[in-house]
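Nothing fancy with the numbering, it's 1 onward along the sequence.
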Amino acid sequence: LDVVDIDGAVDMASTLQLDGAITLGVAGASNGYINSPSGIFVNLDSDNNQTDRFFDIRKDSTDGSGTLLFQVLESGATTINGTVTVDHVAGGVNSTLVIDKDDSGSGKLSFHNAGTQISYVSLDASEDMVYYGASGVDQIFYAHGALALTLASAAASFVGVVTANAGVVVDTITIDAGQIDQSSGD
């Protein structure tokens with residue numbers, strides 16, 4: 001059989017094995033749906049004999065040659081091509097994007113340009129936040145919709161008042177509690 005055309009429901013109490021494609025819906029006429037009154041599981045490498053299996057969602061093809069939109073590797077690494085929107089509309093609950101790490105590892109949000117890492121924000125194993133920008137990449141911070149701080153080439157530029165309640169040291173000059181001291185030099 002090349003094509004099986006079923007009009008209506010199929011009730012199966014066993015395993016359906018297909019060596020080929022499943023087409024759901026009719027182009028331009030109806031969408032395809034997969035419905036379950038409970039969970040749906042996708043098991044990669046179910047016989048546990050490989051390490052390179054994956055789950056892809058692609059577009060613009062009827063085989064695996066289309067543009068990759070979403071991929072989960074057997075290792076758990078996930079690739080999403082496009083914008084990720086974290087949204088929770090039920091009951092006005094806030095949405096959160098969580099990057100979880102174990103005690104000894106790190107969590108990182110990495111920004112790439114054409115496959116090359118340009119900058120990242122990470123929480124390292126010692127719980128320090130690290131902000132990194134490649135050579136020539138400025139770190140720019142906004143507060144209340146206005147530029148507040150720019151870090152560029154080992155220099156910090158502040159817009160507005162800088163408040164330091166524990167003193168300020170500029171080269172050899174210390175300003176603290178209304179007192180100015182010079183530790184060495186002219």
- Message: Checking Ile173 against Asp171 for the side chain to side chain contact (heavy atoms under 4.5 Å, CB included) test, could you report, in this order, the C-alpha distance in whole Å, the side-chain angles of both residues, the deciding distance, and whether it holds?
- Response: CA-CA 6 Å; Ile173 300 170; Asp171 290 329; 5.9 Å; no
- Nearest 0.5 Å please: distance from the CZ atom of Arg53 over to the CG atom of Asn48. 11.0 Å
- Task: Compute whether any side-chain donor of one residue and acceptor of the other, for Asp56 and Gln71, lie under 3.5 angstrom apart.
- Result: yes
- Give a yes or no on this: more than 12 heavy atoms of other residues, nucleotides or ligands lie within 6.0 Å of atom CZ of Phe54. no
- Is the backbone of Thr172 close enough, under 3.5 Å, to the side chain of Ser183 for a donor and an acceptor to pair up by distance? yes
- Task: Could you verify whether a donor N or O on one side chain and an acceptor N or O on the other, from Thr174 and Asp176, lie under 3.5 Å apart?
- Result: no
- Is there a donor-acceptor contact under 3.5 Å from the side chain of Ser36 to the main chain of Gly39? yes
- Message: What verdict does the side chain to side chain contact (heavy atoms under 4.5 Å, CB included) test give for Val72 and Thr78, after you've listed the backbone C-alpha separation in whole Å, the side-chain angles of each residue and the deciding distance to 0.1 Å?
- Response: CA-CA 4 Å; Val72 178; Thr78 303; 4.0 Å; yes
- Message: As a quick check of understanding, evaluate side chain to side chain contact (heavy atoms under 4.5 Å, CB included) for Phe141 and Leu147, giving each step before the final call.
- Response: CA-CA 6 Å; Phe141 298 87; Leu147 178 63; over 6 Å; no
- Query: Should Leu44 and Ile57 be counted in the same cluster of Ile, Leu, Val, Met, Phe, Trp and Tyr side chains packed under 4.5 Å apart?
  - Reply: yes
- Do Thr163 and Val161 have side chains that get closer than 4.5 Å, going by heavy atoms? yes
- Message: Quick check on Asn49: does its CG atom have over 12 non-hydrogen neighbours (other residues, nucleotides or ligands) under 6.0 Å away?
- Response: yes
- Item | Between CG on residue Leu68 and NZ on residue Lys59, distance to nearest 0.5 Å | 11.0 Å
- Query: When you look at Asp138 and Leu151, which way does the side chain to side chain contact (heavy atoms under 4.5 Å, CB included) test go after all the steps?
  - Reply: CA-CA 6 Å; Asp138 293 348; Leu151 302 175; over 6 Å; no
- To the nearest 0.5 Å, how far apart are OG1 in Thr67 and CG in Asn81? 9.0 Å
- Query: Taking side chain as C-beta onward, heavy atoms only, is Ile140 less than 4.5 Å from Tyr142?
  - Reply: yes
- Grab the two heavy atoms, one from Gln50 and one from Asp45, that are nearest each other, plus how far apart they are. O-OD2, 2.6 Å
List, one per line, each side-chain donor-acceptor pair under 3.5 Å for residues 109-119, sequence neighbours excluded.
{"from": "Ser110", "atom 1": "OG", "to": "His112", "atom 2": "NE2", "distance (Å)": "2.7"}
{"from": "Ser110", "atom 1": "OG", "to": "Gln117", "atom 2": "OE1", "distance (Å)": "2.9"}
{"from": "His112", "atom 1": "ND1", "to": "Gln117", "atom 2": "N", "distance (Å)": "3.4"}
{"from": "Gln117", "atom 1": "OE1", "to": "Lys108", "atom 2": "NZ", "distance (Å)": "3.3"}

Distance-only check: which donor-acceptor pairs under 3.5 Å involve side-chain atoms of residues 9-33, not counting sequence neighbours?
{"from": "Ser30", "atom 1": "OG", "to": "Val26", "atom 2": "N", "distance (Å)": "3.2"}

